[in-house]
Amino acid sequence: MSKTYDHQAIEVKWQAYWEQHRTFRVSDDQALPKFYCLDMFPYPSGSGLHVGHLEGYTATDIVSRYKRMKGFNVLHPMGWDAFGLPAEQYAVKTGVHPAITTAQNIETFKRQMKRVGLSYDWEREIGTIDPEYYRWTQWIFLKLFERGLAYVAEVPVNWCPALGTVLANEEIIDGKSEVGGFDVLRKPMRQWVLKITAYADRLLEDLKLVEWPPSTLEMQKNWIGRSIGAEVEFALADVPGTLRIFTTRPDTLFGATYMVLAPEHPLVEAVTTADRKTDVIAYRESASRKSDLQRQELEKEKTGVFTGGYAVNPVNDEPLPIWIADYVLMGYGTGAIMAVPAHDERDWAFAKTYGLPIREVIAGGQVGQEAFVSTDKGTVVNSSSPDGSVTINGMTPADAIPKITAWLESRGKGRKAVNYKLRDWLFARQRYWGEPFPIVWVDGQALPLPEEQLPVLLPETSNFKPSGNGESPLANLTDWLTTTDPISGMPASRETNTMPQWAGSCWYYLRFIDPKNQSLLVDPAKERYWMPVDLYIGGSEHAVLHLLYARFWHKVLYDIGVVSTPEPFKKLVHQGIVLGEDNQKMSKSRGNVVNPDEIMDQFGADAVRLYEMFMGPLEAVKPWSTRGVEGVTRFLERAWRLMVNEEGRLSHAVVETAPTLKQQRLLHQTIKKVTEDIETLRFNTAISQMMVFTNEMTKTEQRSRVLLEPFVLLLAPFAPHLAEELWEVLGHQPSLSQQTWPIFDPALIISDRLTIPIQVNGKLRAKLDVGTDATREQIEELARGQVAEWLQGKAPKKIVYVEKKLMNFVV
RNA sequence: GCGAGAGUGGCGGAACUGGCAGACGCGCGAGACUUAGGAUCUCGUGGGUGACCGUGGGGGUUCAAGUCCCCCCUCUCGCACCA
């Protein structure tokens, strides 16, 4: 491929210039309007950047460069989510300390990012593994602990023998570990847990405050899973006590024909009769051995056993047999349900399997065929208490629910209740490469360390193997483990768990605001100036966990006055996945991975940036095409040749004379389109407009400087190296990053001629070229002449004229 | 099954509040310049080829539908016994 311009030389030149002149350093001048433009910071993996990373990074870089030229003070930082399992697994295998591999990987990432010309303020670089950073991660943990939002619990956790560690639910896919695909068993273990459920309502409500993709909002809503219903007390028939259940359908209480407890439910022993004991124990055991995967596989076939016990339905005093079944989950609601087979699919299936009665209480379906679950349709029937104190017959389910709930409440048999799918957040990992907890244990009690003792440094070791009993490798470090409680002076033992990877990424966006602050997490004045993040771009794989956890911490920080906004990320966009050239997901095994370094060697950083944006809409999943990179390279070369001759000097085609009106119109249309498209992140169409401009200019021999200079500025956010060079060739001082963004003149956009399509019966038959001042009558007369052939002399029934747009004859 | 999004040339994709379907790029074809071209430039390129058909399929609203309404099909992503 012949080179019109030497991308290599130009890119090296300008990257050095930017670095030397600290061109992208953020100012703390709060008089300027601010724009906080954030990428999801990466985990620095061993394989370096891939073209998918680049898509999001290029998008934020274009917006950042554009906003700077628009006069904004732009915060566009980058850092490293550098704690994580891969480096630790590598250390276990090779003995190389995770700090070493991590540092190397960060070097690679940073080198690649600089090569792409991303305009980060590197003076604000942070890493979650830096003690000066995790000191504040630990500090936030202390605040959570102080507020009762961090507690210790003996939780059955997902124990993965192969990884020698415990996994969170979200790290398990189809019953296997996300990393490595190993088997996972359940094992009770002492864990730190964060009470995210205390914030469930606010996490749900405040989704109204953000501009996020609808799918992400929906996923967060589902994850939180708020549902409103009632808790109802069922007295036990033969033993003292009550059984509390949660239902969203109290309107179907009269249709309950049996009860189900989760196998782990504490009342199981009490209600089980002697003759049922063997079966119940056997079922409980088999249920406890089932992994989540098995539970999913057996979804269709419901199993359970009768306990022999009965509970009394509070609405009609009817005794209901109590069963245990693993389709009822201990972790949700009260771990017990009333079963209404007529109006619940699961109960229906279970009732069919075990021959339990199905009683219709909402008319409108065919409950013999299938459960009738609609709450919008149907009428309540067979639902009056025997003592006549309540009836909901004839009502719609929606009306019956509050009525029966109120009645239960008046009798002390129940109350309105809200439940969430969201569980508290298991916040401890049995790993080395993570933040240590600022906690010591004295006599079995967890005590927080004072703030002044932070950070609790991760101790040095060369043995990264798990202790094997489920504790982290830190448990092997006796010297570190043994300490004294600074408050009481009592002998103490350090917490051996470390924090999960999510911890560091929960608040990093705050540290970028004030990365070197020694005394505060973030300076309040700076925080008020910069927050919230105006644009946050990252993968949709973080739609739930990272974004929910970060929102949770942010709200806690809001409550203690550290931050000033209820939500951290105002606008969120997910870049789509870049597929391989074969339309398949990029993977080493398929051999379709595109290495950005190789593409940059061949075509240069500007071409890669441009192609990443030209592929299609930012959020769409789309395939890579190296041919496409060639295409945008041709465009860049054409843009170059517009103003540079073969010797690399200003071309003679560049003239000082005034442009034609038509040329000015094209320029101003281009300014308008590029400006609006950057604002709405439609980079592909912005580039296409610049191509149109370039194609037109290529045709002319005399290219007015008045046209070229604004064009170079428009090109700058997309192809910054080339644009800087062109700006210099045009005789200007660098850097154009300090130039102001071109403004379009609305008067210059409007054309003096119009093309009016003429239709007959909605079909295009002619086009009229008229002046903007042409009247309807003039157009109609001209049009009649043009389409006479289709009018066939008949008078049109109707003539539709849309001002300056179109004329349609209806015959 | 539920939820969200999407189906437009050979390919990636354009098309604002209904108003010229296919911008721009890739690919392909023709030509120019050249010793040469896989460089560059110019022209052409939805399908048929007379006025017809074309935005996943079928209905509808409208002077006019890729765009709005109803039914159906397909794909992608997420959730998946949450009572």
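Residue numbers start from 1 in every chain, and the chains themselves are labelled A, B, ... in the order their sequence lines are given, proteins ahead of strands.
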Exercise for review: Would you indicate, yes or no, if B:C16 has its OP1 or OP2 atom less than 4.0 angstrom from a side-chain nitrogen or oxygen of A:R682?
Suggested key: no
Review point. For the side chain of A:F614, counting heavy atoms from C-beta on, which of B:C63, B:G25, B:C52 is nearest?
Key: B:G25
Check your understanding: Taking the same atom, C1', in B:G19 and in B:A65, what whole-Å distance lies between them?
Key -> 10 Å
Check your understanding: Is the centre of the A:F683 ring less than 6.0 Å from the centre of the A:F614 ring?
Key -> no
Practice item. Just call it for A:N684: base, sugar-phosphate, or nothing, with non-hydrogen atoms closer than 4.0 Å on any strand. Key: sugar-phosphate
Practice item. Look at the side chain of A:K798 and the base of B:C63, then say whether one donor and one acceptor between them are separated by less than 3.5 Å. Key: no
Practice item. For B:U8 versus B:A14, give the span between their P atoms, rounded off to a whole number of Å. Key: 11 Å
Study note, to complete from the structure: Per the O4'-C1'-N9-C4 / O4'-C1'-N1-C2 angle with a 90° window around 0, B:G25 comes out anti
Review point. With a non-hydrogen cut-off below 4.0 angstrom, is A:S688 in contact with a base, only sugar-phosphate, or nothing?
Key: base
Review point. Which base, if any, makes a Watson-Crick or G-U wobble pair with B:G46, both distances under 3.5 Å?
Key: B:C53
Point to revise | Rounded distance in Å - CG (A:D582) to P (B:G12) | key: 14 Å
Exercise for review: Please work out if A:P617 contacts a base, only the sugar-phosphate, or nothing of the nucleic acid, heavy-atom cut-off 4.0 Å.
Suggested key: sugar-phosphate
Check your understanding: Checking all strands, does A:T248 fall into the base, sugar-phosphate, or nothing category for heavy-atom contacts under 4.0 angstrom?
Key -> sugar-phosphate
Check your understanding: When you measure from the side chain of A:P214, which nucleotide among B:G12, B:G19, B:A4 comes out closest?
Key -> B:A4
Check your understanding: So what's B:C2 paired with, Watson-Crick or G-U wobble, going by both distances under 3.5 Å?
Key -> B:G78
Point to revise | Under-4.0 Å side-chain N/O to phosphate OP1/OP2 contact, A:R641 with B:C41 | key: yes
Point to revise | Base B:C81 to side chain A:K302, donor-acceptor N/O within 3.5 Å cut-off | key: yes
Check your understanding: Once you round it to whole Å, what is the distance between C1' of B:G78 and CG of A:L545?
Key -> 12 Å
Point to revise | In B:G9, glycosidic geometry as syn within 90° of 0 or anti otherwise | key: syn
Practice item. Specify the separation, in whole Å, of atom NZ of A:K622 and atom C1' of B:G25. Key: 15 Å
Practice item. Please measure how far the P atom in B:C68 lies from the corresponding atom in B:U40, and state the result in whole Å. Key: 41 Å
Check your understanding: With sugar-phosphate meaning primed atoms plus P, OP1 and OP2, does A:N695 contact a base, only sugar-phosphate, or nothing at under 4.0 Å between heavy atoms?
Key -> sugar-phosphate
Review point. Which nucleotide sits closest to the side chain of A:N808: B:G27, B:G19, B:A4?
Key: B:G19
**Study point:** Between P of B:C11 and CD of A:E581, the distance in whole Å
**Key:** 16 Å
Practice item. Tell me yes or no: between the side chains of A:N419 and A:R226, is some donor less than 3.5 Å from an acceptor? Key: no
Review point. Contact class for A:Q689 (heavy atom, under 4.0 Å): base, sugar-phosphate, or nothing?
Key: nothing
Review point. Which whole-number value in Å describes the distance from A:E803 CD to B:C63 C1'?
Key: 17 Å
Point to revise | Nearest-Å distance once atom C1' is located in both B:C53 and B:G3 | key: 38 Å
Exercise for review: For A:V802, report the nucleic acid contact type (base, sugar-phosphate, nothing); a contact means any heavy atom under 4.0 Å.
Suggested key: base
Practice item. Taking atom C1' in both B:U67 and B:G18, compute the distance separating them and give it to the nearest angstrom. Key: 6 Å
Exercise for review: For A:T755 and for A:G628, find the nucleotide of RNA chain B with the closest heavy atom, then tell me which residue's nucleotide is more 5'.
Suggested key: A:T755
Practice item. Under 4.0 Å between any heavy atoms, over every strand shown, what does A:V800 touch: base, sugar-phosphate, or nothing? Just pick one. Key: base
Practice item. Would you please test A:Y354 and A:Y258 for ring-ring contact (aromatic ring centres under 6.0 Å, His included) and show each step? Key: CA-CA 11 Å; A:Y354 293 100; A:Y258 62 103; 8.9 Å; no
Practice item. Could you tell me whether A:E679 atom CD has more than 12 heavy atoms of other residues or ligands within 6.0 Å of it? Key: yes
Review point. With respect to the phosphate group of B:C41, does any side-chain polar atom (N or O) of A:R634 fall under 4.0 Å of OP1 or OP2?
Key: no
Point to revise | Spacing of A:E541 atom CD relative to B:A4 atom P, expressed in whole Å | key: 22 Å
Exercise for review: Taking atom types as modelled, find out whether A:Y327 and A:T303 have a side-chain donor-acceptor pair closer than 3.5 angstrom.
Suggested key: no
Check your understanding: A:W425 vs A:Y549 aromatic rings, parallel, tilted or perpendicular, using cut-offs 30° and 60°?
Key -> parallel
Point to revise | Ion pair check, A:R415 and A:E233, cut-off under 4.0 Å | key: yes
Check your understanding: If you measure from the C1' atom in B:A6 to the same atom in B:U55, how many Å do you get, rounded?
Key -> 14 Å
Point to revise | Whole-Å distance separating the CZ atom of A:R627 from the C1' atom of B:C11 | key: 12 Å
Point to revise | Gap in Å between the two P atoms, one belonging to B:U45 and one to B:A4, rounded | key: 42 Å
Review point. Can you tell me how far C1' of B:C41 sits from CD of A:E637, to the nearest Å?
Key: 14 Å
Review point. When rounded to the nearest Å, what value does the distance between C1' atoms of B:G5 and B:G37 take?
Key: 46 Å
Review point. When you check the gap from the basic side-chain N to the acidic O, do A:E55 and A:K622 get nearer than 4.0 Å?
Key: yes
